[in-house]
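Note: hydrogens, waters and symmetry copies are ignored here, and every other heavy atom, side chains too, is used.
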Amino acid sequence: MSRLIKLREAKSLSDLAVLLGFKPKAVSYILYKIPENNKYIEFEISKKNGGKRLIKAPTEKLKKLQRRLADLLNECFNQISKESGKKSLAHGFIENHSIVSNAKNHKNKRYVFNVDIQDFFPSINFGRVRGFFIKNRHFSLDPNVATVIAQIACHNNELPQGSPCSPIISNLIGHLLDIRMANLSKRAKCTYSRYADDLTFSTNRKDFPESIAIMQDDNNWVAGSRLIKEIDKVGFSLNTKKTSMQFKTSRQMATGLIVNEKVNIKREYYKIARSMCHELFNTGEFYLNNKDDSSGETDNNEDKGTTISQLEGILNFIYQIKRPHDTAKLGDRRFHPNAITKLHRDFLFYKHFHSMQMPVIVCEGKTDIIYLKCALKQLAKTYNEFIELNDDGTEYKINFLNFSKKLRDVFAISTGTSGLKHLMEIFEKNMCTFNVGGKSFPVVVIIDNDDGAEDIKKKLKIKNSEEIKEFYHFVENLYVLIIPKDKGKAIEDLFEPEVLMKKVDGKVFNRQKELDAEKEYGKIVFAEKVVRENQQHINFDGFKEVFDKLKTVIDDYRTKNV
């Protein structure tokens with residue numbers, strides 16, 4: 001039975017509480033015992049275009065309840081969307097939707113018209129929320145349940161900015177607005193989409209339809225009377241200060257992105273990111289310039305010492321937008337990346353390999369990381385320089401690099417040992433970019449001693465007849481450790497035989513890529529179901545030689561850099 005059906009069948013606060021994973025008494029306490037003025041913390045943040053936005057952040061207990069409600073409603077929304085088979089017109093706060101998917105609707109159009117809903121969240125009050133869940137045909141909830149949902153979601157008779165469930169509820173209620181806007185646009189031969197409170201209309205018609213927008217004196221465009229009426233009918237109103245018409249002969253924007261020919265960022269936004277990276281690579285710190293993305297003007301308010309994660313977020317955003325424009329092949333991108341890929345790659349090298357605060361371990365795959373972390377937990381007393389177990393949990397003193405899909409894409413490398421080989425090929429060139437102190441710790445690549453490692457062995461100039469050394473220093477602060485031959489060919493051979501022979505759901509372990517799904521399970525299942533779940537009962541002594549070699553590498557690098 002789906003959670004949507006269970007929600008429809010709920011009759012009381014108790015039924016809803018159970019569905020949200022709460023005890024009914026806990027929900028009652030949060031809603032009715034905690035004073036209203038103690039449920040939220042209010043503060044202001046600056047808007048990009050000036051002014052302040054009031055944020056009402058729920059306190060921890062209420063936030064947890066609202067997050068559970070948001071998860072439930074998102075699940076219901078996804079089911080409703082799947083059953084209807086219709087494409088969403090809203091792009092904000094929806095899985096697999098973004099400002100990019102919103103902007104794509106308005107590429108290469110003669111006219112792009114933007115309007116903004118006035119006080120979008122606050123205009124959705126308690127009565128609207130309650131009434132929606134009672135009357136909407138997809139929900140048709142019991143009035144008691146609808147009342148409780150509205151009580152969880154609303155504060156001072158409005159949806160608060162800062163609540164985890166405000167986005168999904170605003171999209172559910174805003175769907176009626178989307179339907180009316182879509183119908184109006186269809187009659188006017190326009191394309192419509194919405195991102196939160198931003199509404200965009202575009203068309204290639206010779207004359208823009210007056211039902212949506214009208215030009216007044218001095219090329220000043222305002223919303224058409226029909227558009228205003230349709231928005232008013234569903235309980236919203238326009239912010240007349242945020243209305244703009246953009247022509248094909250000028251720069252056209254939708255949700256902050258250029259849409260003239262392809263979805264792109266503004267040039268000045270990239271230049272600011274490049275400037276911040278240049279400052280970081282040469283001084284070790286940078287200013288974050290609070291830029292008005294919509295106007296291209298700065299407010300001269302700069303924050304010194306902004307965290308690396310904020311700059312990474314900016315670069316991730318730029319890369320997300322510009323990456324689809326790069327059609328170069330994998331090898332070409334690896335050695336001859338375009339400007340944004342090179343900037344992003346330089347930043348990731350700086351963060352992960354140059355300015356890190358502890359040694360970095362790079363493995364062939366994520367299962368290797370699981371093995372090593374579990375082994376360290378059980379061998380913590382022996383290797384306390386690598387791990388510390390305390391009342392707050394586990395603190396690793398070495399960093400295991402998560403070679404995510406995005407990281408591989410930026411580096412233009414594949415998975416496994418071939419990817420590590422290519423990382424070695426570009427390592428020295430990329431590390432030469434930085435003119436500030438760093439490289440305080442080594443980067444250690446750990447690989448199996450099987451056929452897949454042959455290319456890396458060639459790079460290390462290891463001959464087949466040679467005995468594998470404890471470690472190999474390659475370039476800069478990059479080292480390579482190879483699993484010792486006497487232990488086996490792969491890291492899995494460090495486990496005792498009975499661990500490798502453990503069955504899961506009647507299936508046996510096969511470390512190869514090709515599996516008989518009816519009889520065998522692979523590395524992911526082995527790492528999660530066998531190693532992680534049973535780590536307290538596994539003998540990890542076979543991993544000691546790897547950790548001993550790691551200690552030797554760290555000592556070697558420390559000695560060379562004294």
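Side chains of E364 and T417: no donor on one and acceptor on the other come within 3.5 Å. With hydrogens and angles left out, the side-chain atoms of E75 and Q79 include no donor and acceptor closer than 3.5 Å. Side-chain contact of S81 with N78: a donor-acceptor pair under 3.5 Å is absent, judged by distance alone. If you check the side chains of K523 and N510, you find no donor sitting under 3.5 Å from an acceptor. Neither side chain, S170 nor S166, offers a donor N or O lying under 3.5 Å from an acceptor on the other. A donor-acceptor pair shorter than 3.5 Å can be found between the side chains of T200 and N114. A donor-acceptor pair shorter than 3.5 Å cannot be found between the side chains of S237 and Q118. Residues N102 and R194 bring no donor and acceptor atom of their side chains to less than 3.5 Å of each other. In summary, the side chains of H344 and N316 do present a donor paired with an acceptor at a separation below 3.5 Å, with no hydrogens or angles considered. A donor-acceptor contact under 3.5 angstrom links the side chains of T191 and K109, judged on distance only. Judged by distance alone, the side chains of S193 and H91 never bring a donor and an acceptor atom under 3.5 Å apart.
Among all heavy-atom pairs drawn from H354 and V436, the shortest one is CE1-O, 3.1 Å.
A salt bridge is absent between E210 and R226; no separation between the charged side-chain nitrogens and carboxylate oxygens falls under 4.0 Å. A salt bridge is defined here as a Lys NZ or Arg NE, NH1 or NH2 lying under 4.0 Å from an Asp or Glu carboxylate O, and E268 with K271 fails to meet this definition. Looking at K107 and E261, no side-chain N of the basic residue comes within less than 4.0 Å of a carboxylate O on the acidic one, giving no salt bridge. Between R333 and D409, at least one side-chain N (NZ, or NE/NH1/NH2) sits under 4.0 Å from a carboxylate O, which counts as a salt bridge.
Side-chain contact between Y472 and L481: absent, with no pair of heavy atoms (C-beta onward) separated by less than 4.5 Å. Using a 4.5 Å heavy-atom threshold, the side chains of F113 and L199 count as separate.
Classified by interplanar angle (parallel below 30°, tilted 30° to 60°, perpendicular above 60°), the ring pair F434/Y350 is perpendicular. Taking the six-membered ring for Trp and thresholds of 30 and 60 degrees, F208 and Y111 have ring planes more than 60 degrees apart, a perpendicular arrangement.
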I would like to know whether V360 and F441 meet side-chain contact (heavy atoms from CB on, under 4.5 Å); could you show each step before the answer?
-> CA-CA 8 Å; V360 174; F441 301 93; over 6 Å; no

Test K459 against D455 for salt bridge (charged side-chain N to carboxylate O under 4.0 Å, His left out), laying out the working first.
-> CA-CA 6 Å; K459 284 203 163 295; D455 286 341; over 6 Å; no

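R205 places a side-chain N or O within 3.5 Å of a backbone atom of A188 that can act as its donor or acceptor partner. A donor-acceptor pair is defined here as one N or O able to donate and one able to accept, closer than 3.5 Å; no such pair exists between the side chain of N264 and the backbone of K322. Without hydrogens or angle criteria, N74 side chain to A70 main chain gives a donor-acceptor distance under 3.5 Å. The backbone N or O of P164 lies less than 3.5 Å from no partner atom in the side chain of R67, so there is not a single donor-acceptor pair. Q252 places a side-chain N or O within donor-acceptor distance of the main-chain N or O of Q246, the cut-off being under 3.5 Å.
In this structure, the ring of F236 has its center less than 6.0 angstrom from the ring center of F120. Taking the six-membered ring wherever Trp is involved, the centroid distance between the rings of F349 and F427 falls below 6.0 Å.
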